[in-house]
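Only this structure's heavy atoms are used, side chains among them; waters, hydrogens and symmetry mates stay out.
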Amino acid sequence: MLRLRLLTWDVKDTLLRLRQPVGQSYAAEARAQGLQVQPEALGRSFREVYGAQSRRFPNYGLGQGLSSRQWWLDVVKESFRLSGVQDEAALTKLAEKLYRDYCSSHTWEVLPGAAETLGRCRQLGFRMGVVSNFDSRLEVILSRCNLRHHFEFVLTSEAAGFAKPDGRIFEQALRLGGARPEQAAHIGDDYSRDYRAARAAGMHSFLLRAAGHGDGPEVPPEHVLPTLSHLLARIEKE
């Protein structure tokens with residue numbers, strides 16, 4: 001059994017997921033404001049804009065004078081522009097409303113088994129924290145989804161100044177959790193940013209990979225979680 005003191009957790013698609021695709025939620029808000037935009041077009045536009053913005057201004061452009069809020073407002077506006085909306089007043093209204101909506105439990109849902117697994121880990125005495133490539137809204141989102149109380153700290157890439165897979169965000173988490181790397185494990189759904197990056201920092205790690213989603217780099221079976229409910233059994237076997 002691993003002698004762990006600290007468990008760190010990714011959030012998006014590990015503990016929480018969007019209730020509907022971005023294109024659908026953006027299109028629904030556009031309809032509420034009297035605009036007709038196809039969800040599929042918005043989804044494609046969003047992926048293109050998000051990728052370009054992430055490359056041009058990594059980690060919300062913090063090192064280039066942007067705030068995460070402005071970073072997101074620009075992404076939303078440009079996604080609608082690419083989908084045919086050109087009215088600047090409408091774009092601003094849409095962006096502001098969607099920025100607020102993505103703080104809501106109406107937008108996010110807790111993944112099956114997440115709350116139960118977190119509660120059991122706390123009962124067993126593990127210290128726990130979040131390590132997530134996210135902006136400053138994450139604390140509020142976790143609170144509104146009734147998960148915040150499980151964690152001693154929430155470390156976002158915005159607060160840390162570094163985004164996974166940069167090992168410095170894990171180093172900060174270890175300091176916050178008062179643990180050495182070998183006393184800590186990270187749980188996440190991304191091979192490079194979660195599983196491999198945590199191991200490169202000297203930690204243990206587990207990859208959430210649902211059955212039937214086995215494409216990607218090979219990972220030892222004992223490090224794979226088909227569901228979060230498998231975590232404690234994996235820790236005991238290590």
Original post:
Under 3.5 Å, side chain of K164 to main-chain N/O of V131, donor-acceptor pair present?
Top reply: yes

**OP:** Consider only side-chain heavy atoms of I, L, V, M, F, W and Y, link residues closer than 4.5 Å, and tell whether I141 and L147 are in one cluster.
**Re:** yes

Original post:
Is a donor on one side and an acceptor on the other found under 3.5 Å between the side chain of H204 and the backbone of E182?
Top reply: yes

**OP:** Could you verify whether a donor N or O on one side chain and an acceptor N or O on the other, from Y102 and S25, lie under 3.5 Å apart?
**Re:** yes

Original post:
Has the side chain of R17 got a donor or acceptor atom that lies under 3.5 Å from a matching backbone atom of L111?
Top reply: no

Original post:
Does one side chain, of D101 or T107, offer a donor that lies under 3.5 Å from an acceptor on the other?
Top reply: no

Subject >> Minimum heavy-atom distance C121-L232, with the two atoms named >> reply: SG-CD2, 3.9 Å

Original post:
Would you say the side chains of H186 and D194 form a donor-acceptor pair under 3.5 Å?
Top reply: yes

Original post:
For the side chain of R127 and the backbone of E152, is there at least one donor-acceptor N/O pair under 3.5 Å apart?
Top reply: no

Subject >> Donor-acceptor pair, side chain of R209 and main chain of V224, under 3.5 angstrom >> reply: no

Original post:
Under 4.5 Å between side-chain heavy atoms, hopping through other hydrophobics if needed: is there a path connecting F80 to W72?
Top reply: yes

Subject >> Hphob cluster co-occupancy, V11 + L207, side-chain heavy atoms under 4.5 angstrom >> reply: no

Original post:
Would a hydrophobic clustering, with Ile, Leu, Val, Met, Phe, Trp and Tyr connected at side-chain separations under 4.5 Å, put V75 with L98?
Top reply: yes

Subject >> Residues S79, V22; criterion side-chain contact (heavy atoms from CB on, under 4.5 Å); working and verdict >> reply: CA-CA 11 Å; S79 297; V22 169; over 6 Å; no

**OP:** Please examine the side chains of L94 and Y26, heavy atoms only from C-beta on, and report whether any two atoms are closer than 4.5 Å.
**Re:** no

Subject >> Under 3.5 Å: donor-acceptor pair, side chain of R193, backbone of G188 >> reply: no

Subject >> Candidates L7, I187, T8, L6 - the one meeting side chain to side chain contact (heavy atoms under 4.5 Å, CB included) with M128 >> reply: L7

Subject >> Single-linkage hydrophobic cluster L15~F134, side-chain heavy atoms < 4.5 angstrom >> reply: yes

Subject >> Cationic N near anionic O, under 4.0 Å, E96 to R69 >> reply: yes

Original post:
Is there a donor-acceptor contact under 3.5 Å from the side chain of Q183 to the main chain of R180?
Top reply: yes

Subject >> Verdict with supporting geometry, R144 and W108, side-chain contact (heavy atoms from CB on, under 4.5 Å) >> reply: CA-CA 9 Å; R144 290 177 177 173; W108 299 93; over 6 Å; no

Original post:
Backbone N or O of G178 within a donor-acceptor pair of the R5 side chain at under 3.5 Å?
Top reply: yes

Original post:
Honestly, is R137 close enough over Y99, meaning NZ or CZ under 6.0 Å from the six-membered ring centre and within 45° of the axis?
Top reply: yes

**OP:** Take D10 and N133 through the test side-chain contact (heavy atoms from CB on, under 4.5 Å) and record every step on the way to the result.
**Re:** CA-CA 8 Å; D10 173 53; N133 289 355; over 6 Å; no

Original post:
Between E158 (side chain) and S136 (backbone), is there a donor-acceptor pair under 3.5 Å?
Top reply: yes

Original post:
Is the Y195 ring parallel, tilted or perpendicular to the H223 ring (thresholds 30°, 60°)?
Top reply: tilted

**OP:** For this output row, return yes or no: ring centroids of F206 and W9 closer than 6.0 angstrom.
**Re:** no

Subject >> Whether over 12 other heavy atoms sit under 6.0 Å from Q38 CD >> reply: no

Original post:
How far apart are the C-alpha atoms of L62 and W71, what are their side-chain angles, what is the distance that settles it, and do they pass the side-chain contact (heavy atoms from CB on, under 4.5 Å) test?
Top reply: CA-CA 9 Å; L62 297 181; W71 193 96; over 6 Å; no

Original post:
Are the side chain of D189 and the backbone of L208 linked by a donor-acceptor contact shorter than 3.5 Å?
Top reply: no

Subject >> Residues E78 and R81 bridged, charged N to O under 4.0 Å >> reply: yes

